[in-house]
Amino acid sequence: MANVGRPPKYKSVEEIEDKIEQYFESCEGEPLIDDEGNQVVNKYGYPCWIKPPKPPTVTGLALALGFTTRLSLLNYQGKKEFMNTITRAKTKIEEYAESRLFDRDGSNGAQFSLRNNFKGWNIDNEQKLEIELLKLESQIKDSQPEEEAEDNFLDALNGTAEEVWEEGEEKDGESESD
């Protein structure tokens with residue numbers, strides 16, 4: 001029985017690695033260079049570009065590799081021979097997005113990309129609840145004067161000690177009556 005379906009887009013890892021490297025190079029942009037080999041800047045000191053840099057994205061990588069959708073790229077990642085290569089490329093994109101978390105202008109887009117394109121970045125409702133509880137505990141602790149917090153701790157400790165003492169006496173009484 002003959003194989004049915006489209007032939008593979010890439011026959012070797014080296015072939016796809018070359019295309020991936022070209023994609024990342026294209027993301028770096030092309031600066032405008034003067035006759036002395038220095039990058040030209042405008043009157044405000046910002047660099048001038050022939051082709052400005054662009055952020056690397058999973059969808060951009062998929063298009064650069066000739067796939068019609070990012071899902072096609074993810075499916076190709078499932079092939080044993082291409083898994084490491086595509087995973088490494090996606091990790092490079094993830095690193096870029098992660099670095100944008102520290103950039104005031106790009107943090108919201110970076111968060112969206114990380115949560116939707118990469119594993120381990122999406123916070124579920126249970127984790128959100130735990131975070132909110134920790135925040136609430138911290139606010140309560142911060143709003144109480146230190147002496148009051150210590151008094152509350154001592155009251156709770158004394159209450160616990162009294163309960164343990166009473167339980168111990170009850171058990172002693174039961175064993176004497178037996």
Side-chain angles (χ1 to χ4, degrees), residues 3-139 141-143:
N3 283 342
V4 179
R6 184 180 301 179
K9 191 165 207 53
Y10 295 98
K11 292 176 179 48
S12 71
V13 173
E14 293 78 19
E15 187 180 359
I16 199 168
E17 283 177 343
D18 288 342
K19 289 275 192 178
I20 290 171
E21 195 56 40
Q22 288 173 18
Y23 170 70
F24 285 117
E25 286 174 10
S26 75
C27 289
E28 293 174 6
E30 186 179 344
L32 182 60
I33 305 294
D34 64 16
D35 294 336
E36 296 172 6
N38 300 318
Q39 186 169 5
V40 176
V41 294
N42 65 17
K43 65 182 180 179
Y44 302 107
Y46 295 110
C48 296
W49 299 89
I50 295 172
K51 181 181 164 199
K54 63 181 182 175
T57 63
V58 175
T59 305
L61 177 62
L63 292 171
L65 293 175
F67 296 112
T68 53
T69 65
R70 69 184 269 289
L71 187 57
S72 299
L73 172 70
L74 300 179
N75 290 337
Y76 226 75
Q77 184 179 7
K79 295 183 179 195
K80 186 177 179 180
E81 63 271 21
F82 299 109
M83 184 171 50
N84 286 339
T85 302
I86 294 174
T87 301
R88 195 174 325 108
K90 284 179 57 190
T91 302
K92 195 170 180 177
I93 295 168
E94 181 180 11
E95 186 274 332
Y96 172 82
E98 186 177 352
S99 71
R100 291 299 306 263
L101 290 173
F102 301 99
D103 178 357
R104 179 178 44 169
D105 296 330
S107 66
N108 288 338
Q111 286 177 31
F112 179 82
S113 177
L114 289 167
R115 286 184 179 148
N116 291 291
N117 289 315
F118 304 99
K119 291 182 180 178
W121 287 96
N122 204 4
I123 298 175
D124 63 15
N125 287 337
E126 188 175 318
Q127 290 171 318
K128 285 180 186 176
L129 182 59
E130 287 177 24
I131 290 169
E132 291 303 317
L133 284 172
L134 288 172
K135 285 180 184 176
L136 186 59
E137 286 174 3
S138 175
Q139 288 172 352
K141 184 180 174 186
D142 291 344
S143 68

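Counting only heavy atoms from C-beta outward, the side chains of Leu114 and Gln111 never approach each other to under 4.5 Å. Here the side chains of Phe82 and Leu73 are not in contact, with every heavy-atom distance at 4.5 Å or above. Annotation: side chain of Ile86 is in contact with side chain of Ile16 (closest heavy-atom distance under 4.5 Å). Using a 4.5 Å cut-off on side-chain heavy atoms (C-beta onward), Glu21 and Glu25 make contact. The shortest distance between side-chain heavy atoms of Cys27 and Lys54 falls below 4.5 Å.
Residues Lys90 and Phe118 share a closest heavy-atom pair of O-CE2, 3.2 Å. Nearest approach of Pro53 to Glu28, heavy atoms of both residues: CB-O, 3.4 Å. Across all non-hydrogen atoms, the minimal contact from Ser72 to Thr68 is OG-OG1, 4.0 Å. What you find for Thr69 and Ala62 is that their closest heavy atoms are O-CB, 3.6 Å. Of all heavy-atom pairs spanning Ile20 and Ala89, the tightest one is CG2-CB, 3.7 Å. Heavy atoms only, all atoms of each residue included: Gly106 and Arg100 are closest at CA-NH2, 3.1 Å.
Within the model, atoms OG1 of Thr59 and CG of Leu63 stand 7.0 Å from one another, a figure rounded to the nearest 0.5 Å. Put simply, CD on Gln39 and CD on Glu30 are 10.5 Å apart, with the number rounded to the nearest 0.5 Å. In this structure, the separation between CZ on Phe24 and CD1 on Ile93 is 4.5 Å, given to the nearest 0.5 Å. In this structure, Lys79 NZ and Thr85 OG1 are separated by 13.0 Å, a value rounded to the nearest 0.5 Å. How far CG of Asn108 is from CG of Leu101: 9.5 Å, rounded to the nearest 0.5 Å. Here CG of Asn38 is found 11.5 Å from CG of Leu32. Values are rounded to the nearest 0.5 Å.
The backbone N or O of Gly109 sits nowhere less than 3.5 Å from a side-chain atom of Ser113 that would complete a donor-acceptor pair. A distance-only check finds a donor-acceptor pair linking the side chain of Ser99 to the backbone of Tyr96 [under 3.5 Å]. Judged by distance alone, with hydrogens and angles left aside, the side-chain atoms of Tyr76 form a donor-acceptor pair with the main-chain N or O of Lys9 at under 3.5 Å.
Remark: Lys19 is not positioned above the aromatic ring of Tyr10, lacking an NZ or CZ atom under 6.0 angstrom from the ring centre and at most 45 degrees off the axis.
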